[in-house]
Amino acid sequence: MTDLDLPTSDAVISAEEAHVAHNYHPLPVVVAEGEGSWVTDVEGKRYLDLLSAYSALNFGHRHPALVAAATEQLGRLTLTSRAFHNDRLGAFAAALAELSGKDMVLPMNTGAEAVETGIKVARAWAYRVKGVPEGRAKILVASGNFHGRTTTIVGFSDDPQARDGFGPFAPGFEIMPYGDAAALTAAIDDDTAAVLIEPIQGEAGVVIPPDGYLRAVREACTAANVLFVADEIQSGLGRVGTTFACEREGVVPDLYLLGKALGGGILPVSAVVGDRDVLGVIHPGEHGSTFGGNPLAAAVGLAVVEMLATGDLQRRALALGDHLRARLEPLIGAGVTGIRVAGLWAGVDIDPAKGAGREVAERLLARGVLVKDTHGQTIRMAPPLIIRATEIDWAVEQLRLALAD
Ligand SMILES: Cc1ncc(COP(=O)(O)O)c(C=O)c1O
């Protein structure tokens, strides 16, 4: 397509409004190109991407190593289904298992599929290993959770917008207050198969649990022979300055649920990662996916894991996260009522006097910065981990100005 062929934003948006189901309310920008931390819209205006597709673009747009891995694989083989072996999946799984310190990987595509897979594995483990009577397995989840959009998953959400109108829902889940280890421990009984939590809640607005919560969850699960399932789909793979957010408390869950950044911003790749005594409960024919573990996904996933294996990006996220925090702190009391920062991930609560989160996101858009509001008054920042400190400075200055607009 030449530049002359590019449609205008208005034309694209009205075509979308006419023909795409209204399950999203996007900001009014039509992105046509991306490179690193920047995108360009159809009119040629550039924006700094501080959302990174909800952490799916941890390595930025079109990272050369990831594009090279995908391009090489596109020239050889893209899809086999798991009816046959392909020559990429084994290497990807071995590398991801090593990065995670676990034995095995069950590859899927989207995050919600990884969560569904984790639920099935936990239930199968409860019946076949722990000895929970068939049909009674219970999974404890947290208030404020976000694990995806399937009917089972929204059934244990406490967000009415996610749930209302989509029941009936699957039984077997109990919601406990996030961050309250004592309540969680008290709720565990003989039928409890697993505790499923986000080590940091992303959609909720980068909500960081009290210090010691993850350790207490780990201890309670170990003591009661219950699986600790960590949904690291948004928090994992470098975002918080460690490979996994659980590492912030030195905790290792029984199952990691991974997604988003695992696909390098190129295609959906998710996985459940665990040891043989847990993941080994799944037998041929019991679970699967036409696309899960496809060679293109495995090639990109392997390149992602190789980038993370050096630890450089994690160290960068930690250092730049401190930088971001230092830049955001002076805004508290000047249009911002609070911030929560973990690595290169920030929830910024906007003073309602300055407008709703959406309005501030629109003002930032006009200033060339892409962010997304969540839950009314919060703006979530998740820049690519490759962003420069000077770009963070510029973006926070735009936020300061947007709050004054
Ligand atoms: C913690 C968490 N789990 C699961 C999901 C669902 O992932 P997907 O949208 O790829 O299904 C998300 C998506 O935002 C998430 O943040």
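Order of appearance sets the numbers: ligands from 1, and atoms from 1 within every ligand. Heads up: numbering here begins at 1 and tracks the sequence.
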When the side chains of residues 15-25 are checked against the rest of the protein, which donor-acceptor pairs come out under 3.5 Å, sequence neighbours left out?
residue: H22; atom: NE2; partner: E17; partner atom: O; Å: 2.7
residue: H25; atom: NE2; partner: R358; partner atom: NH2; Å: 3.3

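- Separation of the Y256 and F244 ring centroids falls under the 6.0 Å cut-off.
- In summary, of the residues considered (V369, L50, L331), a side chain to side chain contact (heavy atoms under 4.5 Å, CB included) with L399 occurs for L331 alone.
- Applying the side-chain contact (heavy atoms from CB on, under 4.5 Å) criterion to E174, with sequence neighbours excluded, gives K138, L140, M176, A187.
- For E286, the salt bridge (Lys or Arg N to Asp or Glu O under 4.0 Å) test picks out R128, with sequence neighbours left out.
- Inter-residue side-chain proximity for D254 and D275 is flagged as unmet; no heavy-atom pair is nearer than 4.5 Å.
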Present, as a list of atom pairs with distances to 0.1 Å, all nitrogen or oxygen contacts under 3.5 Å between ligand 1 and the protein.
residue: ligand 1; atom: 3 (N); partner: D231; partner atom: OD1; Å: 3.3
residue: ligand 1; atom: 3 (N); partner: D231; partner atom: OD2; Å: 2.7
residue: ligand 1; atom: 10 (O); partner: G111; partner atom: N; Å: 2.8
residue: ligand 1; atom: 11 (O); partner: G111; partner atom: N; Å: 3.4
residue: ligand 1; atom: 11 (O); partner: A112; partner atom: N; Å: 2.8
residue: ligand 1; atom: 14 (O); partner: K260; partner atom: NZ; Å: 2.7
residue: ligand 1; atom: 16 (O); partner: Q234; partner atom: NE2; Å: 2.7

